[in-house]
Asks: 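Can you read through this structure? Questions will come right after.
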Amino acid sequence: MSIPRTFLITTLTVALAMAMVATIVPQAEAARAFFVFGDSLVDSGNNNYLATTARADSPPYGIDYPTHRPTGRFSNGFNFPDIISQSMGLEPTLPYLSPELNGQRLLNGANFASAGIGILNDTGIQFANILRMFRQFQLFEEYQRRVSAIIGTDRTQQLVNDALVLITLGGNDFVNNYFLTPFAPRRRQFSLPDYCRFLVSEYRKLLMRLYDLGGRRILVTGTGPLGCVPAELAMSGSRNGECAPEPQRAAQIFNPQLFQMLQNLNRELGSDVFITANAFAMNIDLINSPQRFGLFDGYLDFSHTNKFFTSL
């Protein structure tokens with residue numbers, strides 16, 4: 001997503017990540033590496049190394065990070081991959097383009113995500129030089145060759161098979177493509193229900209490619225309530241915080257189709273390779289009942305965080 005659309009409140013990021021971890025940890029206890037693919041919601045700094053306008057390298061990004069400086073994360077603090085890594089006892093997953101990712105650090109995994117990208121290659125065309133999904137997969141292949149030079153081909157394959165993989169896509173295909181302007185090409189080409197079906201069919205191809213590249217424990221997040229993000233509220237002229245209806249409808253059409261596709265894929269593969277995380281429901285719960293999850297005036301009371309685990 002573009003910079004104004006993806007600035008996340010740290011407490012909300014923490015809360016959602018905790019809920020996700022509660023969902024995935026039982027399936028990922030044996031994971032020894034962590035790989036991340038997707039857009040700005042999970043980009044930990046790759047775009048800082050690219051000549052693009054989709055960057056998070058200036059304040060207020062990073063103001064609540066331990067260094068209080070921008071890190072390339074599209075957040076004021078930690079993002080989903082950071083907190084998932086912490087909760088699983090893994091080392092932080094570095095951006096693949098970081099020069100610090102070398103030697104033994106490669107064995108912890110890598111983050112390939114890039115802000116602005118989507119399921120479709122034409123999503124985010126206003127941003128130059130971002131790592132679209134085909135390029136993220138090319139870099140993943142390069143990563144495996146680099147690791148093979150350290151520990152050998154067989155051990156590299158085992159490392160990838162045993163790893164947890166997170167992929168987060170879809171939001172930009174709506175807010176930075178279909179809903180970008182009233183006359184966006186995809187909007188003229190598809191009705192909203194047809195567009196959602198098209199996205200799910202294209203997403204399936206990406207997920208099968210990730211499976212072919214060795215992913216066997218893949219966490220797939222749905223989109224959040226797209227009509228509730230501040231930029232969409234502003235564009236829709238919301239005065240009392242009502243979520244923009246059309247982006248909201250898009251998420252409500254897309255997510256069930258995505259989850260059904262993942263169930264079908266698991267049946268075809270004969271294994272629960274793909275793990276779903278319902279980001280829409282998690283966000284709506286937090287928006288509607290913030291105090292239930294320990295959110296008070298923008299702060300997270302950690303004495304309440306166990307409610308995430310008991311309510312899932």
Asks: If we only count heavy atoms from C-beta on, is the Y65 to R69 side-chain gap below 4.5 Å?
Replies: no
Asks: Indicate yes or no for a side-chain donor-acceptor contact from N266 to the backbone of F274 under 3.5 Å, with no hydrogens or angles considered.
Replies: yes
Asks: Report yes if some heavy atom in the side chain of L131 is under 4.5 Å from a heavy atom in the side chain of L97; otherwise report no.
Replies: yes
Asks: Is the shortest side-chain heavy-atom distance between N76 and P60 below 4.5 Å?
Replies: no
Asks: Does the R217 side chain pair with the main chain of A163, one donor and one acceptor, at a distance under 3.5 Å?
Replies: no
Asks: Can you find a side-chain donor-acceptor pair between D82 and S44 that sits under 3.5 Å?
Replies: no
Asks: So, N264 versus Q260: side-chain donor-acceptor pair below 3.5 Å or not?
Replies: yes
Asks: Show your reasoning for whether side-chain contact (heavy atoms from CB on, under 4.5 Å) applies to Q158 and D154.
Replies: CA-CA 6 Å; Q158 193 64 50; D154 291 344; over 6 Å; no
Asks: Give, for atom CD of Q157 and atom CG of D162, the distance between the pair rounded to the nearest 0.5 Å.
Replies: 10.5 Å
Asks: Rounded to the nearest 0.5 Å, what's the gap from CD on Q257 to SG on C196? Could you check?
Replies: 6.0 Å
Asks: Judged by atom type as modelled, is there a donor-acceptor pair below 3.5 Å linking the side chain of S40 to the main-chain atoms of D43?
Replies: no
Asks: Under a 3.5 Å threshold, yes or no: a donor from one side chain and an acceptor from the other, between N47 and S114?
Replies: yes
Asks: Within the 4.5 Å heavy-atom criterion, are M133 and I117 side-chain neighbours or not?
Replies: yes
Asks: List the atom of N255, the atom of T223, and the distance in Å for their closest heavy-atom pair.
Replies: OD1-N, 2.9 Å
Asks: Would you mind telling me which of R209, E202, M208 makes a side chain to side chain contact (heavy atoms under 4.5 Å, CB included) with K205?
Replies: E202
Asks: Among residues at least two apart in sequence or on other chains, which ones pass salt bridge (Lys or Arg N to Asp or Glu O under 4.0 Å) with R146?
Replies: none
Asks: Is it the case that over 12 heavy atoms from other parts of the model lie below 6.0 angstrom from the CG atom of L269?
Replies: yes
Asks: Just by distance, no angles: are the side chains of T71 and R73 close enough, under 3.5 Å, to form a donor-acceptor pair?
Replies: yes
Asks: Indicate yes or no for a side-chain donor-acceptor contact from R132 to the backbone of G118 under 3.5 Å, with no hydrogens or angles considered.
Replies: no
Asks: Could you grab the distance from atom OG1 of T276 to atom CG of L262, nearest 0.5 Å is fine?
Replies: 6.5 Å
Asks: Can you measure from CZ (R197) to OG (S201) and round to the nearest 0.5 angstrom?
Replies: 10.0 Å
Asks: Would you check if the distance from the ring center of F37 to the ring center of F137 is below 6.0 Å?
Replies: yes
Asks: Tell me yes or no: between the side chains of D173 and T123, is some donor less than 3.5 Å from an acceptor?
Replies: yes
Asks: What do the steps show when you test M261 against L258 for side-chain contact (heavy atoms from CB on, under 4.5 Å), and what is the final call?
Replies: CA-CA 5 Å; M261 180 266 285; L258 171 65; 3.7 Å; yes
Asks: Run the side-chain contact (heavy atoms from CB on, under 4.5 Å) test on L213 and E141 for me, step by step, so that the C-alpha distance in whole Å, both residues' side-chain angles and the decisive distance to 0.1 Å come before the verdict.
Replies: CA-CA 7 Å; L213 291 172; E141 292 180 282; 3.5 Å; yes
Asks: Distance-only, no hydrogens or angles: does the N129 side chain make a donor-acceptor pair with backbone N or O of L50 under 3.5 Å?
Replies: no
Asks: State, with a plain yes or no, whether a side-chain heavy atom of F80 is found less than 4.5 Å away from one of V36.
Replies: no
Asks: Looking at I167, V273, L169, D212, which one forms a side chain to side chain contact (heavy atoms under 4.5 Å, CB included) with L207?
Replies: I167
Asks: Using the rule given for salt bridge (Lys or Arg N to Asp or Glu O under 4.0 Å), can you reason through E246 versus R187, listing the C-alpha separation, both sets of side-chain angles and the distance that settles it, and then say yes or no?
Replies: CA-CA 12 Å; E246 277 300 282; R187 204 165 183 172; 5.6 Å; no
Asks: Out of curiosity, F190 CZ to L199 CG, how far, rounded to the nearest 0.5 Å?
Replies: 8.0 Å
Asks: Once rounded to the nearest 0.5 Å, what's the spacing between atom CG of D122 and atom CG of N176?
Replies: 11.5 Å
Asks: Are the side chains of Y203 and V220 in touch, meaning some heavy atoms are under 4.5 Å apart?
Replies: yes
Asks: Can you find a heavy atom in the side chain of P66 that is under 4.5 Å from one in the side chain of F78?
Replies: yes
Asks: I'd like to check the side-chain hydrogen bond (donor to acceptor under 3.5 Å, both in side chains) partners of Q263; sequence neighbours left out, ordered by chain and number.
Replies: none
Asks: Please list every donor-acceptor pair under 3.5 Å in which a side-chain atom of residues 101-110 meets a protein atom from a residue at least two apart or in another chain.
Replies:
unit_1	atom_1	unit_2	atom_2	d
N102	ND2	P99	O	2.8
R105	NH1	E100	O	3.3

Asks: Within a radius of less than 6.0 Å around CD of Q138, do more than 12 heavy atoms belonging to other residues, nucleotides or ligands occur?
Replies: yes
Asks: How far apart are the closest heavy atoms of L210 and F140, and which atoms are they?
Replies: CD1-CE2, 4.2 Å
Asks: Given the rule in the side-chain contact (heavy atoms from CB on, under 4.5 Å) test, do N177 and I125 qualify, once you have shown the distances and angles that lead to the verdict?
Replies: CA-CA 8 Å; N177 192 330; I125 57 173; over 6 Å; no
Asks: Any side-chain heavy-atom pair from I253 and Y195 closer than 4.5 angstrom?
Replies: no
Asks: Applying side chain to side chain contact (heavy atoms under 4.5 Å, CB included) between R186 and each of F174, F179, F198, report the one that passes.
Replies: F198
